[in-house]
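Residue numbering restarts at 1 for every chain, and letters A, B, ... go by the order of the sequence lines. Nothing here was measured: the structure is a model prediction, and the numbers come from that model.
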Protein chains: 2
Amino acid sequence: MATTTAADRREEAKQAFDAYFAECPSRKLLDRLSDKWVTLVLTGLAGGPRRYSDLSRRIAGVSQKMLTQTLRGLERDGLVRRTVTPSVPVRVDYELTPLGESLMPLVAAIKGWAEANIQTVEAARKTYDATA
Amino acid sequence: MATTTAADRREEAKQAFDAYFAECPSRKLLDRLSDKWVTLVLTGLAGGPRRYSDLSRRIAGVSQKMLTQTLRGLERDGLVRRTVTPSVPVRVDYELTPLGESLMPLVAAIKGWAEANIQTVEAARKTYDATA
DNA sequence: CCGTATCCTCCTCGATACTG
DNA sequence: CAGTATCGAGGAGGATACGG
């Protein structure tokens with residue numbers, strides 16, 4: 001059947017959207033920033049180089065898997081540099097690259113907005129929940 | 001046994017972390033912003049009030065469920081106002097509140113950074129993938 | 001010390017169908 | 001037009017055990 005169904009059109013729209021979406025730069029950045037651990041690792045590295053074990057202690061509650069996964073992702077994106085010192089036992093240091101540093105003002109801005117307005121948001125939620 | 005195992009200590013740390021974490025304002029904001037559809041809806045509303053069906057067309061690829069869910073969340077947080085006009089058929093408009101508007105510069109900043117640096121990130125990824 | 005590999009469990013999200 | 005209700009697949013992420 002050559003009939004164009006609603007499902008067909010929806011599917012088509014979805015494809016087009018996904019293609020467009022994948023190209024959206026801010027979307028890509030958001031994908032990185034939205035990761036549960038990324039901002040924590042980033043701020044954890046803000047003060048200078050840190051060892052792996054150091055980070056895992058500073059960022060309480062992170063599993064080895066997630067810490068490694070997050071660091072790998074950030075390294076891949078060129079936001080973090082990984083340095084291995086082949087001693088025994090091995091020592092690994094992580095630090096922000098200039099690109100990574102350039103991202104910190106944004107994180108700070110988000111933090112700033114949040115601290116300034118979180119109370120308003122909380123109040124709005126309370127009101128909303130009470131009304132509903 | 002009164003012995004404190006490693007698992008015990010990990011569990012304890014997790015509890016403490018979660019409590020601390022739940023209090024972190026930037027974390028809360030990030031939870032909102034990191035949502036796949038939030039920024040899209042927000043930017044969709046940047047130009048002024050929009051009807052529900054209007055939004056669903058502007059934001060191609062969003063399901064009814066997600067659009068409604070996102071709008072509800074934003075309304076609850078006081079970032080978006082919902083106005084129902086009881087005509088037949090019903091008409092519903094959404095618009096940014098002043099609080100919502102105040103968030104837009106941040107979104108713009110993220111967009112700006114992304115557009116300025118996404119190529120560097122992409123290049124870094126290519127290099128990383130090639131090396132590995 | 002710094003990971004990798006595996007399993008297993010929520011929980012999000014999309015598809016679909018139905019209502020005021 | 002603007003939703004709500006329900007179901008099922010898929011992926012994220014934690015626990016655990018093992019390797020260089």
Side-chain angles (χ1 to χ4, degrees), chain A residues 5-15 17-18 21 31-38 40-41 44 49-76 80-95 132, chain B residues 5-15 17-18 21 30-32 34-38 40-41 44 49-76 80-95 132:
Chain A
T5 67
D8 286 337
R9 264 173 275 116
R10 240 180 296 119
E11 182 57 23
E12 200 179 334
K14 185 174 153 55
Q15 300 303 329
F17 172 75
D18 286 347
F21 207 55
D31 280 344
R32 284 251 113 268
L33 256 45
S34 70
D35 187 282
K36 187 179 178 184
W37 301 108
V38 164
L40 288 171
V41 170
R50 297 270 172 195
R51 298 189 55 176
Y52 178 89
S53 47
D54 216 1
L55 280 171
S56 70
R57 249 173 284 110
R58 273 173 73 88
I59 309 170
V62 70
S63 64
Q64 275 193 332
K65 179 183 175 180
M66 280 304 105
L67 183 53
T68 302
Q69 197 172 105
T70 306
L71 285 166
R72 285 286 180 283
L74 292 173
E75 189 195 0
R76 186 170 107 98
V80 159
R81 177 168 37 243
R82 179 171 180 266
T83 316
V84 182
T85 310
S87 52
V88 180
V90 193
R91 173 203 176 102
V92 182
D93 287 274
Y94 292 92
E95 62 181 320
Chain B
T5 67
D8 285 339
R9 261 173 278 119
R10 239 179 297 118
E11 183 57 23
E12 200 179 334
K14 186 173 155 54
Q15 301 302 331
F17 172 75
D18 285 347
F21 207 55
L30 226 49
D31 280 343
R32 285 250 115 269
S34 70
D35 187 282
K36 186 179 179 183
W37 302 107
V38 163
L40 289 171
V41 170
R50 298 271 171 193
R51 299 187 56 175
Y52 179 89
S53 47
D54 216 1
L55 280 172
S56 70
R57 250 173 284 111
R58 275 173 72 87
I59 311 172
V62 70
S63 63
Q64 274 193 332
K65 178 182 175 181
M66 280 303 104
L67 182 54
T68 301
Q69 197 173 103
T70 306
L71 286 166
R72 286 285 181 283
L74 292 173
E75 189 195 0
R76 186 170 107 99
V80 160
R81 177 168 37 243
R82 179 171 181 267
T83 316
V84 182
T85 309
S87 53
V88 179
V90 192
R91 173 200 176 104
V92 182
D93 287 274
Y94 292 92
E95 61 181 320

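Between D54(B) and V62(A), the residue anchored nearer the 5' end of DNA chain D, judged by the nucleotide with its closest heavy atom, is D54(B). Nucleotides of DNA chain C nearest to Y52(A) and V90(B) differ in position, and the one nearer the 5' end is that of Y52(A). A residue-by-residue look at K65(A) and R82(A) shows that R82(A) has its nearest nucleotide of DNA chain C further toward the 5' end.
Between R51(B) and the phosphate of dA2(D), there is a side-chain N or O to OP1/OP2 separation shorter than 4.0 Å. For the OP1/OP2 pair of dG3(D) and a distance below 4.0 Å, the side-chain nitrogens and oxygens of Y94(B) include at least one atom meeting the criterion. Of the side-chain N and O atoms in S53(B), one or more sit less than 4.0 angstrom from OP1 or OP2 of dA2(D).
Closest approach to the K36(B) side chain among dG14(C), dG14(D), dG3(D) is made by dG14(C) (side chain taken as heavy atoms from C-beta onward). Taking every side-chain heavy atom of Q64(B) into account, dA17(C) is the closest of dG14(D), dG14(C), dA17(C). Of the candidate nucleotides dG14(C), dG3(C), dG13(D), dG13(D) has the atom lying nearest to any side-chain atom of M66(A).
Atom CG in D93(B) sits about 12 Å away from atom C1' in dA2(D), given to the nearest Å. Taking atom CZ on R32(A) and atom C1' on dA12(D), their separation rounds to 14 Å, with Å as the unit. Between the C1' atom of dA15(D) and the CG atom of L67(A) lies a distance of 16 Å, rounded to the nearest Å.
Atom CG of L40(B) is separated from atom CE of M66(B) by 13.0 Å, given to the nearest 0.5 angstrom. The line from OH of Y94(A) to CG of L55(A) is 8.5 Å long, rounded to the nearest 0.5 Å. Atoms OG and CZ, on S56(B) and R51(B) in that order, are 10.5 Å from each other to the nearest 0.5 Å.
If you run side chain to side chain contact (heavy atoms under 4.5 Å, CB included) between R72(A) and each of Q69(A), E75(A), R76(A), only E75(A) comes through.
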